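Have a look at the structure below, then the notes.
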There are 2 protein chains.
Amino acid sequence: MDEVNASRELGVRLVQAAERLKADFAEAILPFELSVPAARALLLMDEPVPMRVLSDRLTCDQSYITRIADELEGRGFIQRVPGADRRVQLLKLTRSGIRMRESVFAAVTANNRVQLHLSRAEREQLDHLVALLLGD
Amino acid sequence: MDEVNASRELGVRLVQAAERLKADFAEAILPFELSVPAARALLLMDEPVPMRVLSDRLTCDQSYITRIADELEGRGFIQRVPGADRRVQLLKLTRSGIRMRESVFAAVTANNRVQLHLSRAEREQLDHLVALLLGD
DNA sequence: TATTGTTATACTCTATAACTATA
DNA sequence: TATAGTTATAGAGTATAACAATA
């Protein structure tokens with residue numbers, strides 16, 4: 001019963017650590033005046049990507065991608081280009097989108113607690129534990 | 001540079017694991033028709049507690065505690081009782097609040113991934129790694 | 001009939017600002 | 001003057017439902 005409580009508290013601290021990571025991310029992208037989801041989306045766009053695929057990668061609803069795409073298009077970082085299947089829109093980085101993506105990437109990696117606070121061995125341990133937690 | 005990427009992806013998975021924990025919590029309390037923050041607050045109320053103290057424990061603004069207290073009071077789970085300092089309101093569990101708190105506690109511990117998926121040794125490892133991540 | 005993307009709308013969690021009543 | 005709590009409001013992230021176009 002004490003073990004039960006310790007486990008619950010560990011869960012609370014794990015969530016706290018994750019919130020810290022998210023706060024670090026938000027702070028890192030502050031200079032770019034992008035919303036967090038838009039910055040996340042940028043990082044997931046290498047090749048031109050169907051909006052539907054992006055909603056899978058972000059694990060969010062398709063309708064939310066419309067919103068993110070509007071933001072990124074409004075800032076000139078992507079274009080919507082029609083796909084072969086004419087229902088599909090591909091999101092494609094513009095020149096300035098490519099530069100912004102690189103800036104975001106540099107900012108968030110420079111600021112990464114996981115790398116700054118953990119040794120390689122510790123990261124491997126953590127990776128394993130996280131996999132156990134996520135495993136069916 | 002590959003290590004940089006691996007660290008970032010590990011961070012993403014860590015956040016995913018935390019969201020899973022949060023989703024488990026939300027699912028566990030579903031039968032009780034409590035909001036997540038109200039359920040969290042319940043778990044933090046043992047003795048009658050000043051609203052201000054509760055806002056520290058939940059790390060949220062005081063104004064949000066008013067909202068949570070309204071919900072819990074509306075459901076009959078707490079009473080506001082005046083403190084010695086007459087600016088202060090203590091939140092105090094009612095009989096039915098005590099029972100609800102026990103139900104919530106039982107539901108969320110029965111459902112705890114950290115305990116279900118990790119051995120004691122693994123939990124200790126995780127605790128250590130989380131402390132490193134949170135450390136200044 | 002099923003799927004892609006869009007629109008409108010709404011919900012949850014949470015903060016900020018302005019206020020009151022005490023201290 | 002500073003603090004506890006309240007109120008009203010707003011903003012971020014996200015989902016749902018209904019819809020048009022296409023498959």
Side-chain angles (χ1 to χ4, degrees), chain A residues 12 15-16 18-23 25-27 29-30 32-45 48-74 78-92, chain B residues 12 15-16 18-23 25-27 29-30 32-45 48-74 78-92:
Chain A
V12 169
V15 169
Q16 275 168 5
E19 319 259 77
R20 200 67 87 78
L21 258 43
K22 293 204 276 183
F25 185 95
E27 195 190 328
I29 65 168
L30 219 46
F32 310 119
E33 295 185 294
L34 283 168
S35 72
V36 166
R40 291 216 299 138
L42 265 191
L43 293 178
L44 293 172
M45 276 181 231
V49 53
M51 297 177 71
R52 175 57 207 270
V53 171
L54 195 55
S55 79
D56 287 343
R57 292 193 193 159
L58 279 172
T59 45
C60 71
D61 193 81
Q62 283 176 251
S63 67
Y64 193 41
I65 301 298
T66 298
R67 186 170 289 231
I68 293 171
D70 288 349
E71 175 181 348
L72 291 173
E73 198 176 46
I78 61 161
Q79 283 182 314
R80 283 166 160 99
V81 310
D85 179 334
R86 285 198 339 237
R87 289 170 303 183
V88 173
Q89 303 274 16
L90 290 297
L91 302 186
K92 186 183 172 201
Chain B
V12 169
V15 170
Q16 274 168 5
E19 318 260 76
R20 199 68 86 77
L21 258 43
K22 292 204 277 183
F25 185 95
E27 195 191 328
I29 65 168
L30 219 47
F32 310 119
E33 295 185 293
L34 283 168
S35 72
V36 166
R40 290 218 297 138
L42 265 191
L43 293 178
L44 293 172
M45 275 181 232
V49 53
M51 298 177 72
R52 175 55 208 269
V53 171
L54 195 53
S55 79
D56 287 341
R57 292 193 191 160
L58 280 173
T59 47
C60 71
D61 194 82
Q62 282 177 253
S63 67
Y64 193 41
I65 300 297
T66 298
R67 186 171 291 232
I68 293 172
D70 287 348
E71 175 182 347
L72 291 173
E73 197 176 47
I78 61 162
Q79 282 183 316
R80 284 167 160 96
V81 310
D85 179 334
R86 281 192 348 232
R87 291 171 302 183
V88 172
Q89 303 276 17
L90 289 300
L91 303 187
K92 184 183 175 201

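Quick caveat: nothing in here was measured; it's all calculated off a predicted structure.
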Between [N] ([atom2]) and [X] ([atom1]): distance, integer Å:
{"X": "F25(A)", "N": "dG13(D)", "atom1": "CZ", "atom2": "C1'", "answer": "14 Å"}
{"X": "L54(B)", "N": "dT3(D)", "atom1": "CG", "atom2": "P", "answer": "19 Å"}
{"X": "I68(A)", "N": "dG5(C)", "atom1": "CD1", "atom2": "P", "answer": "13 Å"}
{"X": "L90(A)", "N": "dT4(C)", "atom1": "CG", "atom2": "C1'", "answer": "12 Å"}
{"X": "L91(A)", "N": "dT6(C)", "atom1": "CG", "atom2": "C1'", "answer": "13 Å"}
{"X": "Q89(A)", "N": "dT3(C)", "atom1": "CD", "atom2": "P", "answer": "19 Å"}

Should [X] and [Y] count as side-chain neighbours, where that means a heavy-atom distance under 4.5 Å?
{"X": "V12(B)", "Y": "L21(A)", "answer": "no"}
{"X": "R52(B)", "Y": "Q62(B)", "answer": "yes"}
{"X": "T59(A)", "Y": "Q16(B)", "answer": "no"}

### Task
Give a yes/no on whether any side-chain N or O of R80(A) is located under 4.0 angstrom from OP1 or OP2 of dG5(C).
no
### Query
Does Q79(B) CD have over 12 foreign heavy atoms under 6.0 Å away?
no
### Query
Under 6.0 Å from the CD atom of E71(A), do we count more than 12 heavy atoms belonging to anything else shown?
yes
### Message
So, applying side chain to side chain contact (heavy atoms under 4.5 Å, CB included) with R80(A), which one of L72(A), L90(A), D70(A) is it?
### Response
D70(A)
### Task
Scan nucleotides 14-23 of chain D nucleotide by nucleotide, 5' to 3', and note B when protein non-hydrogen atoms come under 4.0 Å of the base, S if they reach only the sugar-phosphate, - if neither.
BSBB---BBS
